[in-house]
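Here it is, the structure in full.
Reminder, nothing fancy here: chain letters follow the sequence lines and each chain counts from 1.
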Protein chains: 2
Amino acid sequence: MHKENNLSKNQQIIFDLINKSSEPLKAYTILFNVQKRGIKAPPQVYRALDKLVQTGKIHKIESKNAFVACRNTNCEMSKATAFSICESCEMVDEISDAKLNKYLSSFNDKKGTKYKRFNLEFFGLCKKCK
Amino acid sequence: MHKENNLSKNQQIIFDLINKSSEPLKAYTILFNVQKRGIKAPPQVYRALDKLVQTGKIHKIESKNAFVACRNTNCEMSKATAFSICESCEMVDEISDAKLNKYLSSFNDKKGTKYKRFNLEFFGLCKKCK
DNA sequence: TTACATAGTGTTATATTATAACAAACCTTA
DNA sequence: TAAGGTTTGTTATAATATAACACTATGTAA
């Protein structure tokens with residue numbers, strides 16, 4: 001029996017927290033929130049986050065140094081990510097748009113280079129803030 | 001006579017450094033390199049960087065926390081930025097592709113939201129590293 | 001010219017984000 | 001059981017970024 005894609009204890013604790021959050025969580029916010037569950041130090045958090053990002057369970061919002069759960073069944077390896085970010089309320093939504101995804105995944109630059117991975121962040125005002 | 005788009009002393013020093021660099025520079029690398037020119041403390045660097053980013057003279061590579069000079073005469077306000085990033089040698093190139101730019105600038109998500117700004121980062125291997 | 005507003009500067013201290021390094025525990029599979 | 005990988009716990013510290021305050025320079029408008 002080989003290893004399932006199951007999460008380890010710390011990974012599960014941290015994934016659960018991020019997954020039930022409606023907004024991106026920062027590493028030290030996570031740390032604070034899981035201390036009651038025995039996770040006491042930054043490396044424990046960052047290690048779990050790294051692993052969750054690698055496996056595509058969560059994504060890092062680079063412009064905010066914060067993490068959201070993946071809402072897209074297709075992006076298992078975080079190869080193609082796109083987000084909309086509200087500049088007013090800080091809300092973040094993962095964009096799941098097949099056409100956009102296809103367009104960018106097959107994008108070649110002028111030198112003909114293809115890429116393995118991309119991350120796209122859109123900024124504007126969300127419906128509520130408009 | 002109204003104000004030109006000229007840079008202040010610190011802004012100019014820091015822009016010159018970034019502009020002549022072939023690779024993205026980090027804030028503390030910049031600080032180290034401009035100390036001989038009288039810029040001694042982080043806030044001086046970050047303030048100049050903020051202003052240069054706002055005016056589109058430089059861009060921040062979010063995934064690297066590093067800064068590059070704008071190579072694109074069109075993106076004066078940093079509203080539409082795209083980069084190719086080599087995962088091996090860390091080289092960064094600004095992508096200037098009118099079609100891509102147009103496609104993303106006019107992108108609407110499923111809720112019909114338009115965005116003011118985007119930042120796109122492609123990852124892969126550059127020509128040298130392939 | 002003076003006076004006001006705005007932007008920029010210099011400085012100290014501190015907040016926030018992230019990793020190094022090492023030892024121990026825990027699974028898996030041979 | 002032994003070997004190898006991954007996860008954990010821990011302390012310390014590195015790297016990135018901002019708060020706050022006093023002061024200076026510059027542009028604009030009366």
Nearest-angstrom distance from the residue atom CD of B:Q44 to C1' of D:dA22: 14 Å
B:F123 and A:F118 aromatic centres sub-6.0 Å: no
Under-4.0 Å side-chain N/O to phosphate OP1/OP2 contact, A:Y46 with C:dT19: no
Below 4.0 Å: OP1/OP2 of C:dT9 and any side-chain N or O of B:S8: yes
D:dG9 phosphate, OP1 or OP2, under 4.0 Å from A:K9 side-chain N/O: yes
Distance in angstrom units between A:R47 CZ and D:dT11 P, rounded: 13 Å
Residue whose nearest DNA chain D nucleotide is more 5′ - A:A48 or B:K64: A:A48
5' priority, DNA chain C, between B:K40 and B:Q11 [closest heavy atom]: B:Q11
More than 12 heavy atoms from other groups under 6.0 Å of NZ on B:K130: yes
Interatomic distance, A:I39 CD1 vs D:dT10 C1' [rounded to whole Å]: 14 Å
Mutual orientation of the aromatic rings belonging to B:F107 and A:F122 [parallel < 30°, tilted 30-60°, perpendicular > 60°]: parallel
Set of side-chain contact (heavy atoms from CB on, under 4.5 Å) partners for B:A69, sequence neighbours left out: B:F15, B:I18, B:N19, B:R71
Under-3.5 Å donor-acceptor pair between A:Y28 side chain and C:dA15 base: no
Euclidean distance, atom CG of residue B:L49 to atom P of D:dA17 [Å, nearest integer]: 9 Å
Value in whole Å for how far the C1' atom of C:dA18 lies from CG of A:D50: 9 Å
Check: A:Q12/A:N10 side-chain N/O donor and acceptor closer than 3.5 Å: no
Whole angstrom value for the distance that separates C1' of D:dT6 from CG of A:L7: 14 Å
Distance, rounded to the nearest Å, where B:N65 contributes CG and C:dT16 contributes C1': 12 Å
Under 4.0 angstrom between B:K26 side-chain N/O and D:dT16 OP1 or OP2: yes
Touch class at under 4.0 angstrom, heavy-atom based, for B:K60 against every strand present: sugar-phosphate
Side-chain N or O of B:N10 closer than 4.0 Å to phosphate OP1/OP2 of C:dA7: no
Nucleotide C:dT12, atom P - distance to CG of B:L31 in whole Å: 13 Å
Phosphate-side-chain proximity, A:K51 and D:dT7, N/O vs OP1/OP2 below 4.0 Å: yes
